[in-house]
Peer 1: 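To start, I am sharing the structure in question, which I have written as structure tokens.
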Amino acid sequence: MTSAHSKLYSDDVSLVVVVVDTNPFFWAGAALPFADFLSHLIHFVNSLLLLSNLNHVVIIAAGVSSCAYVFDSGNAGASGAADVAETLGKASRKMEEFIKQDARETASNGTVADGGAASLFSGALSLALCYIQRIFRSGTRHPQPRILCLQGSPDGPEQYVAVMNSIFSAQRSMVPIDTCIVGTQDSAFLQQASYITGGVYMKPQELSGLFQYLAAVFATDLHSRTFLRLPKTLGVDFRASCFCHKKTIDMGYVCSVCLSIFCKYHKKCSTCGCQNSAVSACRI
Amino acid sequence: MDYRPSRMAVVAKCAEAFIREFFDQNPLSHVGLVTIKDGISHRLTEIGGSPESQINALMGKLECSGDSSLQNALELVNGYLNQIPSYGHKEVLFLYSALNTCDPGDIMETIEKCKKSKVRCSVIGLAAEIFICKHLCEETGGSYTVALDESHFKELLLEHAPPPPAIAEYAAANLIKMGFPQRGAEDLISICSCHKKIKSGAEGYICPRCKVNVCELPTECRTCGLTLVSSPHLARSYHHLFPVAPFDEVTFKLGQKGGQNCFGCQQSLINTGGQSNIHVRCPKCNHHFCFDCDIYIHESLHNCPGCESQRSSSR
């Protein structure tokens with residue numbers, strides 16, 4: 001609005017919101033050291049900014065006890081030219097500060113127990129979506145937004161409802177969620193996210209070449225993706241897990257009031273406390 | 001004041017938008033269409049769980065003629081809804097443009113019958129308020145609204161998409177057996193049970209009980225009758241069960257630490273123009289948000305970013 005020259009947003013200008021998993025429990029045991037990972041990421045961010053001077057990149061970090069905005073290329077200054085060294089310095093400093101702050105909060109918040117702790121992915125995803133809504137509100141000419149998630153920690157089952165709400169909201173706003181898994185396990189939440197929103201899900205085999213994977217697969221804007229053959233996920237597992245044992249089931253019983261899923265027929269639903277009439281058990 | 005190009009065209013268009021929104025909010029529900037023409041009620045489409053068949057019928061040629069009979073429509077609908085399992089909530093929504101109703105018998109008896117079968121009837125009128133519609137809605141617990149113009153009509157219609165609060169006595173709680181099918185293997189070639197066409201296994205889903213191929217979800221397996229859904233379909237309704245608490249309005253106080261930027265979108269909350277600095281705050285996590293994020297969070301996202309970004313003791 002306040003710029004002197006008129007910005008002409010063509011199809012290939014993008015806004016990429018990168019959600020970075022900074023869970024120290026995961027990175028302590030990961031094959032790729034966090035410092036190397038961060039340098040791959042920063043070089044990728046720089047290459048995105050160099051593709052077009054109207055491209056906009058935001059980095060949100062998902063820690064174990066908090067989430068925060070770490071870097072926003074829109075704040076880099078009105079001069080417009082992306083100074084590579086400056087981006088590197090700023091983003092690294094802010095990331096370091098965030099990790100220290102997160103560690104302090106985790107230490108003071110005694111409830112986080114062990115290495116299996118999940119990062120607060122749902123919070124970071126919600127922040128990303130709020131930011132994207134702000135960009136949508138800024139007028140008819142705006143970059144095409146997408147979200148890139150770099151995830152390594154396991155999925156936290158307590159975040160299921162929040163993650164699914166975010167996925168449906170992203171689907172409605174037509175924002176694809178891409179995923180690059182930097183850990184060893186696949187993430188069921190992110191597979192579903194990428195499938196439902198039309199994004200790309202990838203688990204690279206050689207993490208030391210992470211920059212190459214990022215630049216080849218995730219750097220292209222949404223318009224140009226229609227001309228490329230990107231990695232396709234073969235099977236997304238949409239099966240549900242039962243609320244009593246958390247194991248994936250093929251057939252189960254669903255409470256008609258609260259939609260909780262059970263693997264065996266019970267007289268009383270444990271979530272909402274409704275008594276079940278015996279009629280339907282034999283009917284179907 | 002009247003609806004252009006014709007009331008029928010406007011109603012059909014808005015009904016299509018309603019059906020899409022309805023299935024978006026309630027993926028496990030079923031919808032059927034019934035028309036009233038020349039005093040007789042006809043079934044336009046069967047009660048089904050897929051939006052496409054309903055929308056195809058709406059896009060087809062719909063003609064209007066003759067009187068309308070509320071009683072005949074209620075009798076027909078009652079007959080269909082009696083076949084629904086006991087755990088389902090039964091509802092009827094009338095899009096009523098006539099100013100009267102020509103009935104063969106006593107409509108009060110029919111209303112009593114609907115009330116006894118626990119069918120919730122709502123009416124959206126296009127012309128003026130009619131006593132019998134108001135009576136019907138009051139007796140059965142539905143809502144009666146009259147549209148002023150086309151955009152108001154669409155708004156009233158879309159208000160019926162989110163599920164109303166359920167009345168415990170109206171539907172028995174039950175554990176319904178459902179299947180969660182997976183996609184078949186790539187090399188499996190079979191005939192799908194819905195269209196009777198040859199499909200590769202990877203294009204369809206395999207029913208876990210009888211192993212036939214079905215094309216899309218949610219659906220009922222034609223061979224064994226098992227309801228087949230995928231977990232996102234159930235998850236779409238969770239936000240109705242766990243809504244976000246409304247945010248409190250707060251004003252910015254000078255010298256207050258934090259709260260300068262909206263926690264969600266990082267927009268500055270301080271107006272330089274000296275206008276009122278009212279924004280909102282979540283009562284649970286105490287983070288500050290701007291009004292736009294407030295609307296987005298409560299209408300579309302259904303998660304508070306502040307609450308999700310904290311590791312509370314319940315996690």
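Side-chain atoms are counted along with the backbone in the values below, which use heavy atoms only and exclude waters and symmetry mates. Letters A, B, ... mirror the listed sequences (proteins, then strands); counts begin at 1. Note that the structure is a prediction, hence the values are computed from the model and not measured.
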Peer 1: Indicate whether the side chain of B:Asn303 and that of A:Ser122 have a donor and an acceptor atom separated by less than 3.5 Å.
Peer 2: no
Peer 1: Count the heavy-atom pairs under 4.5 Å between each of B:Ser300, B:Pro232, B:Ala235 and chain A, then report the option with the highest count.
Peer 2: B:Pro232
Peer 1: How far does CZ of B:Arg236 sit from CG of A:Asn165, to the nearest 0.5 angstrom?
Peer 2: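 Between B:Arg236 CZ and A:Asn165 CG, I get 10.5 Å after rounding to 0.5 Å.
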Peer 1: State whether B:Asp292 and A:Arg137 are salt-bridged, where the test is any N-O pair (Lys NZ or Arg NE/NH1/NH2 against Asp/Glu carboxylate O) under 4.0 Å.
Peer 2: yes
Peer 1: Please check if the side chain of B:Ser309 supplies one atom and the backbone of A:Cys67 the other of a donor-acceptor pair under 3.5 Å.
Peer 2: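 A pair under 3.5 Å: no.
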Peer 1: Supply the atom-to-atom distance A:Ser169 OG to B:Glu299 CD, rounded to the nearest 0.5 angstrom.
Peer 2: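 Taking OG in A:Ser169 and CD in B:Glu299, the distance rounds to 11.0 Å.
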Peer 1: Any carboxylate oxygen within less than 4.0 angstrom of a Lys/Arg side-chain nitrogen, looking at B:Asp24 and A:Arg172?
Peer 2: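 A salt bridge is present here (some side-chain N lies under 4.0 Å from a carboxylate O).
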Peer 1: Quick one: closest heavy-atom pair of A:Cys130 and B:Cys265, and the distance?
Peer 2: O-CB, 3.7 Å
Peer 1: Which bit of A:Ile261 comes within less than 4.5 Å of chain B, counting heavy atoms only: side chain, backbone, both or neither?
Peer 2: side chain
Peer 1: Given side chain to side chain contact (heavy atoms under 4.5 Å, CB included), test A:Thr248 with B:Phe180 step by step and report yes or no.
Peer 2: CA-CA 10 Å; A:Thr248 358; B:Phe180 299 98; over 6 Å; no
Peer 1: Measuring from atom OG of A:Ser260 to atom CG of B:Leu175, what distance do you get when rounded to the nearest 0.5 angstrom?
Peer 2: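 Result: 8.5 Å between the selected atoms.
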Peer 1: Relative to chain B, which segment of A:Tyr195 carries a heavy atom at a distance below 4.5 Å: side chain, backbone, both, or neither?
Peer 2: side chain
Peer 1: Can you give me the closest heavy-atom contact between A:Val257 and B:Leu241, atom names plus distance?
Peer 2: O-CD2, 4.0 Å
Peer 1: Please answer whether the main-chain N or O of B:Ile176 pairs with a side-chain N or O of A:Tyr265 as donor and acceptor at a distance below 3.5 Å.
Peer 2: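 Pair absent, no side-chain N/O of A:Tyr265 close to backbone of B:Ile176.
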Peer 1: What part of B:Leu301 is in contact with chain A, defined as an atom under 4.5 angstrom from a non-hydrogen atom: side chain, backbone, both or neither?
Peer 2: both
Peer 1: Between atom CE of A:Met164 and atom NE2 of B:His233, what is the distance when rounded to the nearest 0.5 Å?
Peer 2: 10.0 Å
Peer 1: Restricting to non-hydrogen atoms, name the atom on B:Glu308 and the atom on A:Ala162 that form the minimum distance, rounded to 0.1 Å.
Peer 2: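 Heavy-atom minimum between the residues: OE1-CB, 3.3 Å.
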Peer 1: Restricting to non-hydrogen atoms, name the atom on B:Tyr238 and the atom on A:Cys258 that form the minimum distance, rounded to 0.1 Å.
Peer 2: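 B:Tyr238 and A:Cys258 have their closest heavy atoms at CE2-O, 4.3 Å.
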Peer 1: Could you tell me which of A:Phe262, A:Phe168, A:Tyr160, A:Tyr131 has the largest number of non-hydrogen atom pairs under 4.5 Å with chain B?
Peer 2: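 Among the listed options, the one with the most contacts to chain B is A:Phe168.
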Peer 1: How close do A:Val254 and B:Met178 get, heavy atom to heavy atom, and via which atoms?
Peer 2: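 Heavy-atom minimum between the residues: CG2-SD, 3.8 Å.
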Peer 1: When rounded to the nearest 0.5 angstrom, what is the spacing between OG in B:Ser230 and CD1 in A:Ile196?
Peer 2: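 So the gap between those two atoms works out to 7.5 Å.
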Peer 1: Around atom CD of B:Glu46, are there more than 12 heavy atoms of other residues, nucleotides or ligands at under 6.0 Å?
Peer 2: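 Not buried by this count: 12 neighbours or fewer within 6.0 Å.
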Peer 1: Between B:Ser231 and A:Gln192, does the side chain to side chain contact (heavy atoms under 4.5 Å, CB included) criterion hold? Intermediate values first, please.
Peer 2: CA-CA 10 Å; B:Ser231 44; A:Gln192 292 195 22; 3.9 Å; yes
Peer 1: Please find the pair of heavy atoms, one from B:Lys177 and one from A:Met251, that lie closest to each other, and give the distance.
Peer 2: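 Looking at all heavy atoms of both residues, the shortest contact is CE-SD, 4.0 Å.
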Peer 1: Between B:Gln182 and chain A, which part of the residue has a heavy atom less than 4.5 Å away: side chain, backbone, both or neither?
Peer 2: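 B:Gln182 touches chain A through side-chain heavy atoms alone.
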Peer 1: Hey, could you give me the OG/NE2 distance between A:Ser126 and B:His302, rounded to the nearest 0.5 Å?
Peer 2: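 Result: 12.0 Å between the selected atoms.
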Peer 1: Side chain from CB out, backbone as N, CA, C, O: work out which of these in B:Phe263 comes under 4.5 Å of a heavy atom of chain A, or both, or neither.
Peer 2: both
